[in-house]
Amino acid sequence: MADNNYDAIVIGSGISGGWAAKELTEKGLKTIMLERGRNIEHVKDYVNANKAPWEFPHRGGRTQQMIHDYPVLKRDYPLNETNLDYWASDKDSPYTEVKRFDWFRGYHVGGRSLMWGRQSYRMSEIDLTANARDGIAVDWPLRYAELDPWYTYVEKFIGVNGSRDGIEVLPDGHYMPAMEMNVVEKDVAKRLKEHYKGARQMIMGRSANITEPLKSRTNCQYRNKCWLGCPFGAYFSTQSSTLPAAVATGNLTVRPWSIVTKILYDKDTKKAKGVEVLDAETNQTYQFYAKVVFVCASTLNSAWLLMNSATDIWPDGLGSSSGELGHNLMDHHLGVGASGHVEGYDDKYYYGRRPNGIYVPRFRNLNGEKRDYIRGFGYQGSAGRHGWSRDIAEMNIGADFKDALTEPGPWTMGIGGFGEMLPYHDNKVTLDKTKKDKWGLNILAIDCELKDNEKKMRKDMLNDAIEMLEAAGVKNVKGLEGDGSPGRGIHEMGTARMGNDPKTSVLNKWNQVWDAKNVFVTDGAAMVSASCQNPSLTYMALTARAVDYAVSELKKQNI
């Protein structure tokens, strides 16, 4: 549309934005999806997807120049040469750390849907009633029965492999056949179930890797190169799944290199009339207009956009009337776990590289148990054999060394915790108006930390991991107490929470901004609490649900 007028605008093209675009276009709305970074085309632009380690100049590692150029990304695994261009530049897009927060972003079509861990779990009724039960923050404005059909709708479309395990705190969904545990994992799972009489269980992870063909997508080939982009389309991403569906309608326009700098608010209609965009390549400014706006820029960027959309009516940003915009920032805290050796399986091996692991659902503070903290944690992990690249201290040269490397090494088993972080009002983001990014825009200041509840929980995360592995017969178990800095989970949540009351929340139960009824925020910013499960499936369900409501309201001329 040359006149820049559309029925709907979607800001962001990641997990939530892709779903918003799919749902809006399939319901007949002419939609433009605005992405601040470059375009990445499915298959064609996965330039490293089929490379072997020796085809990278530094075998996939990191260089001193990379460490210098990416002072934040270097803090964890994302900094490596295999997919460096999938991660946002620390130099071009800086942020202020009032307290340490590791912010790992992807600015391109598809966003972090290309690099996510694909673990796909539902929140439970226990999670959705937790704030009300504990008397903290605000209550979720919906319950599991309202989300259940939307979880199923999403799972059927994206393809999730898993098993129906009948665990109350981790509701079952609609699954393709589960990936298989290896022999050690099966035995450890059996021993844990017996030892704890079913109170703690180890199940196969539920991941958005298809194990059967789905439409034009080929089932997983067990290459475990997902974060390079999958030429088979075997894992869910915007490129493999929602974008093709949206394009097929003929109703979608995708505009990369488009930084949305503000939502244009009309004080007469009390609605948004469109957005202002800065072209990231030319620095030209454009405006696009629509009847409805979906903000899916990822939690912190969505908060930034709402705050940057300040007017004389809302001096602290669109959606700021409650005083909660930018507050209640959460992530999952991790870096705590245990590992050890497993004896007696030296005649066993496995084939392929399974892009999924095991999962231990939350078991703390359930069924009347009360620890010295509230909420809980789960574990992810796997068992495997040391490869041929291992170091053998006793032999470092000669025939014996070569002979030893013709056989795989010992089995190990490891698990790492993912703990729930509470929604504290003073964990927040604000606009730092003293510093600007490459495009002259004010940057975010992030002020977030773990507090006593999380610190107490981490003690159990460590001790329980050691105890469980030892109970399962794992030898030489060692605990790991690593860095728990917020951001490391790459599960940013909160900053524009949903709620029942416009005085204490930014969004209503339909993800609709109280202050502008045709603006919807459906990414992690909307989360009211974090649970301890990976959250992306919930973002997708909330997005599909919100679009259904928005289009219904449009037809009724209510927005």
When every non-hydrogen atom of E420 is compared with those of E454, the smallest separation belongs to O-CG, 3.9 Å

Please check if the side chain of Q201 supplies one atom and the backbone of K193 the other of a donor-acceptor pair under 3.5 Å.
no

Which pairs would a plain distance check flag for residues 223-231, meaning a side-chain donor or acceptor within less than 3.5 Å of a matching protein atom at least two apart in sequence or in another chain?
{"residue": "R223", "atom": "NH1", "partner": "N50", "partner atom": "OD1", "Å": "2.9"}
{"residue": "R223", "atom": "NH2", "partner": "A49", "partner atom": "O", "Å": "2.8"}
{"residue": "K225", "atom": "NZ", "partner": "K51", "partner atom": "O", "Å": "2.6"}

Hits for side chain to side chain contact (heavy atoms under 4.5 Å, CB included) against K190, two or more places apart or cross-chain, chain-then-number order -> E194

Paired with R206, the side-chain contact (heavy atoms from CB on, under 4.5 Å) test is passed by just one of N534, L170, N161, namely L170

Can a side-chain donor-acceptor contact be found between Y144 and D127 if the only test is distance below 3.5 angstrom? no

- Task: Under the ring-ring contact (aromatic ring centres under 6.0 Å, His included) rule, what do F157 and W19 come out as? Steps first, then yes or no, please.
- Result: CA-CA 10 Å; F157 185 80; W19 262 96; 5.4 Å; yes

Within 45 degrees of the ring normal and closer than 6.0 Å to the centroid, is that where the cationic atom of R143 sits relative to W140?
no

So, E185 and R191, do they make that salt bridge, N to O below 4.0 Å?
no

With H332 as partner, the option from Q533, M421, M493 fulfilling side-chain contact (heavy atoms from CB on, under 4.5 Å) is M493

Side-chain donor-acceptor pairs under 3.5 Å in residues 359-371, sequence neighbours left out?
{"residue": "R362", "atom": "NE", "partner": "R364", "partner atom": "O", "Å": "2.9"}
{"residue": "R362", "atom": "NH2", "partner": "R364", "partner atom": "O", "Å": "3.4"}
{"residue": "R362", "atom": "NH2", "partner": "N365", "partner atom": "O", "Å": "3.3"}
{"residue": "R364", "atom": "NE", "partner": "D464", "partner atom": "OD2", "Å": "2.9"}
{"residue": "R364", "atom": "NH1", "partner": "E369", "partner atom": "OE2", "Å": "2.6"}
{"residue": "R364", "atom": "NH2", "partner": "D464", "partner atom": "OD1", "Å": "3.0"}
{"residue": "R364", "atom": "NH2", "partner": "D464", "partner atom": "OD2", "Å": "3.2"}
{"residue": "N365", "atom": "OD1", "partner": "R371", "partner atom": "N", "Å": "2.9"}
{"residue": "N365", "atom": "ND2", "partner": "Y373", "partner atom": "O", "Å": "3.0"}
{"residue": "N365", "atom": "ND2", "partner": "R375", "partner atom": "O", "Å": "2.7"}
{"residue": "E369", "atom": "OE1", "partner": "N365", "partner atom": "N", "Å": "2.7"}
{"residue": "R371", "atom": "NE", "partner": "D460", "partner atom": "OD2", "Å": "2.8"}
{"residue": "R371", "atom": "NH2", "partner": "D460", "partner atom": "OD1", "Å": "3.0"}
{"residue": "R371", "atom": "NH2", "partner": "D460", "partner atom": "OD2", "Å": "3.0"}

Residues 333-346 vs salt bridge (Lys or Arg N to Asp or Glu O under 4.0 Å), sequence neighbours excluded, gives D346-R385

Of all heavy-atom pairs linking K156 and H174, the shortest is CG-CD2, 3.3 Å

Just by distance, do the side chain of S241 and the backbone of T238 share a donor-acceptor pair under 3.5 Å? no

Checklist entry - Is the cationic atom of R59 (NZ for Lys, CZ for Arg) positioned less than 6.0 Å from the six-membered ring centroid of F56 and within 45 degrees of its normal? => result no

Those residues at least two apart in sequence (or on a different chain) that pass salt bridge (Lys or Arg N to Asp or Glu O under 4.0 Å) with D483 are R100, R488

Exercise for the section: Verify, without hydrogens or angle tests, whether H108 (side chain) and G111 (backbone) share a donor-acceptor contact under 3.5 angstrom. Expected result: yes

Looking only at heavy atoms, the pair that brings M330 and P423 closest together is SD-CB, 3.7 Å

Does a salt bridge link K451 with E449, judged by any charged N lying under 4.0 Å from a carboxylate O? yes

For Y424, the ring-ring contact (aromatic ring centres under 6.0 Å, His included) test, sequence neighbours excluded, returns none

Does T538 offer a backbone N or O that forms a donor-acceptor pair with the side chain of Y121 under 3.5 Å?
no

F377 and Y379: CA distance, side-chain angles, deciding distance, ring-ring contact (aromatic ring centres under 6.0 Å, His included) verdict: CA-CA 7 Å; F377 51 88; Y379 293 102; 5.5 Å; yes

_Under a plain distance cut-off of 3.5 Å, with no hydrogens placed, do D523 and S302 share a side-chain donor-acceptor pair?_
yes

